Amino acid sequence: GYDINQRLIHYTSDSSHARAAIVGILNPLLVAFFGCLIATVLGLFMGILRLSNNWIVARLTTIYIEGFRNIPVLLWIVMFFAFLTEMTPAPKDFKGLDPSSTMILFDSVAITNRGTYFPMPIFNDGSEFVILSFGLSLIAMVGFLSYARNLQRSTGKILPRFIISILLLFVPVAVVYFLAGSPVSLEYPYLKGFNFKEGVHVRNSFLALTLALGVYTSAYIAELVRSGIQAIPKGQTEAASALGLRPNRVMGLIILPQAIRVIIPPTISQYLN
């Protein structure tokens, strides 16, 4: 007898209470997944930048961290939602009445005050081969990264991991995709009447909650990253620099692997939050 507007599985007002409970369980899990992802990437990035030797970068990062940490998360959720609903155009504005109201990413994504509309993938016959090739490519990429790491430890030889990983992940998938006759296509959102149709509709309530939680928690994770890096004796950095390692190599090969043991336990608490 009631509706739930944000859902991952099929649900109507005629569904059972058990079905509604499953929808209610999946929704916070979805928010938690994307929130943890955003918080981890931003937190790691900001935590490293706060230790930058550039005074401007370090101060701006400090303002970001202290600003988000010292304002209650509920206010950030309200502010994000107000921005998404009040500062974005209405769907009817996309009819050409307002030049600033245009779709982005080659006219595939529309940001409106009713939510954001993304293209929806359509899987036709033969798409299982593309999915299988992507899975195998992912396994091959993980195997290569493990091999490159072991090779570096045993011989000191450094392989171009990023380029080879990208090639392993996308080239086989692209070949299978075209050989199978392009079985995966995209359903683009389009304006019909006073609203957008088709595509994936992500509501502003979900975006505001996820972005606010992710950015707010990233400020705490940034401090955990900073403290974990500073917990490593300075002699480690000096010894690595004396060997001629570049700063990015020192951070990736010497500092972060040791700091991870300090960072992970309190970061898990932030994930639970």
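Please read these numbers as outputs of a predicted model, since none were measured by experiment.
- By the 4.5 Å heavy-atom criterion applied to side chains, Pro119 and Val200 are not counted as neighbours.
- Under a hydrophobic-cluster definition in which Ile, Leu, Val, Met, Phe, Trp and Tyr are linked whenever side-chain heavy atoms come within less than 4.5 Å, directly or via other members, Val225 and Val262 are assigned to different clusters.
- A pairwise comparison of heavy atoms in Leu224 and Gln270 identifies CD1-CG, 4.0 Å as the closest pair.
- At a threshold of 4.5 Å between non-hydrogen side-chain atoms, the residues Leu42 and Tyr64 count as touching.
- Annotation: Phe68 is not in aromatic contact with Tyr216 [ring centroid separation under 6.0 Å not met].
- Tyr220 and Thr267 form no side-chain donor-acceptor contact under 3.5 Å, judged by distance and modelled atom types alone.
- Residue Tyr190 places its OH atom among more than 12 non-hydrogen atoms of other residues, nucleotides or ligands, all under 6.0 Å distant.
- Between the Asp125 side chain and the Pro183 main chain, no donor and acceptor come within less than 3.5 Å of each other.
- Counting non-hydrogen atoms of neighbouring residues, nucleotides and ligands closer than 6.0 angstrom, the CG atom of Asp3 exceeds 12 such neighbours.
- Between the side chain of Ser146 and the backbone N or O of Gly143 there is no donor-acceptor pair closer than 3.5 Å.
- Around the CZ atom of Arg59, the shell of radius 6.0 Å holds more than 12 heavy atoms that belong to other residues, nucleotides or ligands.
- Crowding of Phe134 atom CZ: a count of heavy atoms from other residues, nucleotides or ligands under 6.0 Å not exceeding 12.
- The two residues Ile229 and Met251 make their nearest non-hydrogen contact at CD1-SD, 4.1 Å.
- Residues Lys197 and Glu187 are not paired through a salt bridge, judged by the lack of any N-O separation under 4.0 Å between the basic side chain and the carboxylate.
- Here the shortest heavy-atom pairing between Gln236 and Ile254 reads OE1-CG2, 3.9 Å.
- With respect to the salt-bridge test (charged N to carboxylate O, under 4.0 angstrom), the residues Glu198 and Lys192 do not qualify.
- Under a hydrophobic-cluster definition in which Ile, Leu, Val, Met, Phe, Trp and Tyr are linked whenever side-chain heavy atoms come within less than 4.5 Å, directly or via other members, Phe129 and Phe170 are assigned to the same cluster.
- Within 6.0 Å of CZ on Phe206 lie more than 12 heavy atoms contributed by other residues, nucleotides or ligands.
- Of the possible polar contacts, none joining the Thr210 side chain to the Leu207 backbone as a donor-acceptor pair under 3.5 Å is found.
- Checked by atom type and distance alone, the side chain of Ser133 pairs as donor or acceptor with a backbone atom of Val130 at under 3.5 Å.
- With contacts defined as side-chain heavy-atom distances shorter than 4.5 Å, the pair Thr112/Pro89 does not qualify.
- Within the 3.5 Å criterion, the main-chain N or O of Phe178 finds no donor-acceptor partner in the side chain of Ser182.
- Surrounding CZ of Phe34 are at most 12 heavy atoms belonging to other residues, nucleotides or ligands under 6.0 Å away.
- Heavy-atom contacts from other residues, nucleotides or ligands closer than 6.0 Å to CD1 of Ile163 number 12 or fewer.
- Summarising the local packing, OH of Tyr2 is surrounded by more than 12 heavy atoms from other residues, nucleotides or ligands at distances under 6.0 Å.
- In this structure, Val184 and Asn124 have side chains that are not in contact, with every pair of non-hydrogen atoms separated by 4.5 Å or more.
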